[in-house]
Amino acid sequence: MTTSLSRFGQHIVLFGCGNMASAMLGRWLDAGLDPAQVTAIRPSGKAVANGVKVVTTSAEAPANPDILMIGVKPQMLGDVAEDIARLIGPDTIVLSILAGVTIDDLRGRFPGAAARMRVMPNMPVRTGKGVVGLAGADGKDAARKTITRLMKPLGHVEWIDEENQFDALTALTGSGPAFVYRFVDAMRAGGERLGFDEPTALRLARATLASAAAQLEVSELTPTELAAQVASRGGMTQAGLDVLDEDARLASLMAETLRAARARGRELAALAREGQD
Ligand SMILES: NC(=O)C1=CN([C@@H]2O[C@H](COP(=O)(O)OP(=O)(O)OC[C@H]3O[C@@H](n4cnc5c(N)ncnc54)[C@H](OP(=O)(O)O)[C@@H]3O)[C@@H](O)[C@H]2O)C=CC1
Ligand SMILES: O=C(O)[C@@H]1CCC=N1
């Protein structure tokens, strides 16, 4: 499937265009999407990208777009759902990037749409090497194909058949970059304790993460096997791994971290439902 969007030919309304939707849009434009095909609705009226029309209210946005992507916070959904519903026509595919909010919630709020899908991007999509999880499509193959094509330039795209795994996916891939950044920060702090100044420790920690990520991307080995290649028998790395692995403490910490993030998804869905009849 091509990753060029120069002939995409669908009109897109972004209902809410903050950090996440802007990152997706930035990459779509890099992939050739015509900015004249996009309208962003954001109350602040802040520009989003060259050539993309920004309006501050939904009344100024074109109705019945091919695609309407909701990019507000989940807690806001109840406040804006009526405005969104007014824009939706029978041909509109509704995409939601909202953490937690289910396809049933979307169906209840937007019964008039052609199809509804959950989309879970992560912030690195801006580089074209992000991760996007998808679920839904209401059994519409054409809609599924269109949205897969739109998401492809963002990075690794994965359809999740069991929607009940979507909050788990969100924890792993949507929130995941923040957990990795914390890990890098911890390496930076550890480096400082070993005597590096802060900028040097940060530079080395970042470069190490980037180098490991690059190898993970191309290698067929598992992370366990890659770690074993680094750790010479009786060497320095093994001494460090023994600390991380003792009582599986890093694995336990990560499992607990992901469980907490996933649990918050259900709470956000409940908050998004408030105010709904
Ligand atoms: N941040 C991330 O890494 C990820 C976030 N998400 C999801 O993306 C969504 C947005 O998160 P994020 O981009 O971080 O948040 P931001 O706060 O950056 O963006 C929220 C957007 O909603 C807009 N908004 C607020 N009120 C209204 C309104 N009444 N009408 C229209 N637009 C409105 C804001 O407008 P204005 O710009 O004018 O303030 C802003 O553009 C969330 O639902 C989150 O779950 C999903 C995956 C990853
Ligand atoms: O923190 C959040 O709720 C969103 C979902 C995944 C990343 N950011």
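In this text, all values refer to a predicted model and were calculated from it rather than measured experimentally. Counting begins at 1 with the first residue of the sequence. All ligand and atom numbering here is 1-based and tracks the order in the structure.
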If we set the cut-off at 4.0 Å for heavy atoms, which region of [X] has an atom near ligand 1: side chain, backbone, both, or neither?
X   : result
P43 : both
M76 : side chain
V72 : both

Where the closest heavy atom to [atom] is concerned, which of [options] has it?
atom                    : options              : value
atom 16 (P) of ligand 1 : V132, N19, T170, V48 : N19
atom 44 (C) of ligand 1 : V54, I97, L268       : I97
atom 21 (C) of ligand 1 : G71, A21, A23        : G71

Problem set entry | Nearest-neighbour protein heavy atom for atom 1 (O) of ligand 2, which is reported as residue plus atom name and distance |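 So the nearest neighbour among protein heavy atoms is S175 OG, 4.7 Å.
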Exercise. How far is atom 2 (C) of ligand 2 from its nearest protein heavy atom, and which residue and atom name does that atom have?
Worked result: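 Answer, as residue, atom name and distance: A99 CB, 4.7 Å.
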Exercise. Is it the case that more than 12 heavy atoms not belonging to D242 sit under 6.0 Å from its CG atom?
Worked result: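 Enclosed.
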In terms of atom number and element, which parts of ligand 1 are under 4.0 angstrom from non-hydrogen atoms of [X]?
X    : answer
M123 : 1 (N), 2 (C), 3 (O)
G18  : 13 (O), 18 (O), 19 (O), 21 (C), 40 (C), 41 (O)
P121 : 47 (C), 48 (C)
M120 : 46 (C), 47 (C)
C17  : 41 (O)
G16  : 22 (O), 23 (C), 32 (N), 41 (O)

Indicate yes or no: at least one non-hydrogen side-chain atom of [X] is less than 4.5 angstrom from one of [Y].
X    : Y    : result
T127 : R27  : no
L204 : M187 : no
V119 : M24  : yes

For this session: Evaluate the criterion side chain to side chain donor-acceptor pair (under 3.5 Å) for residue pair T102 and D105; output intermediate values, then yes/no.
Result: CA-CA 5 Å; T102 66; D105 293 332; 2.9 Å; yes
For this session: Answer yes or no for atom 4 (C) of ligand 2: protein heavy atom present at a distance under 4.0 Å?
Result: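 No, there is no protein heavy atom closer to it than 4.0 Å.
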Problem set entry | Residues L134, R144; criterion side chain to side chain contact (heavy atoms under 4.5 Å, CB included); working and verdict | CA-CA 9 Å; L134 294 166; R144 194 177 157 116; over 6 Å; no
If only atom types and distance count, is the side chain of [X] paired as donor or acceptor with the main-chain N or O of [Y] below 3.5 Å?
X    : Y    : result
E60  : T57  : yes
R118 : F166 : no
T92  : P65  : yes

Problem set entry | Worked verdict on Q238 versus R233 for side chain to side chain contact (heavy atoms under 4.5 Å, CB included) | CA-CA 7 Å; Q238 192 56 54; R233 187 187 287 266; over 6 Å; no
Problem set entry | Result of checking T39, V38, I67 against H11 for side chain to side chain contact (heavy atoms under 4.5 Å, CB included) |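 Among T39, V38, I67, the one that satisfies the side chain to side chain contact (heavy atoms under 4.5 Å, CB included) with H11 is T39.
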For this session: Check whether any N or O atom of M20, backbone or side chain, sits under 3.5 Å from an N or O atom of ligand 1, and answer yes or no.
Result: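 N/O-N/O distance below 3.5 Å exists for this pair.
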Problem set entry | Backbone or side-chain N or O of F15 under 3.5 Å from ligand 1 N or O |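 In this structure, F15 places no N or O atom under 3.5 Å from an N or O of ligand 1.
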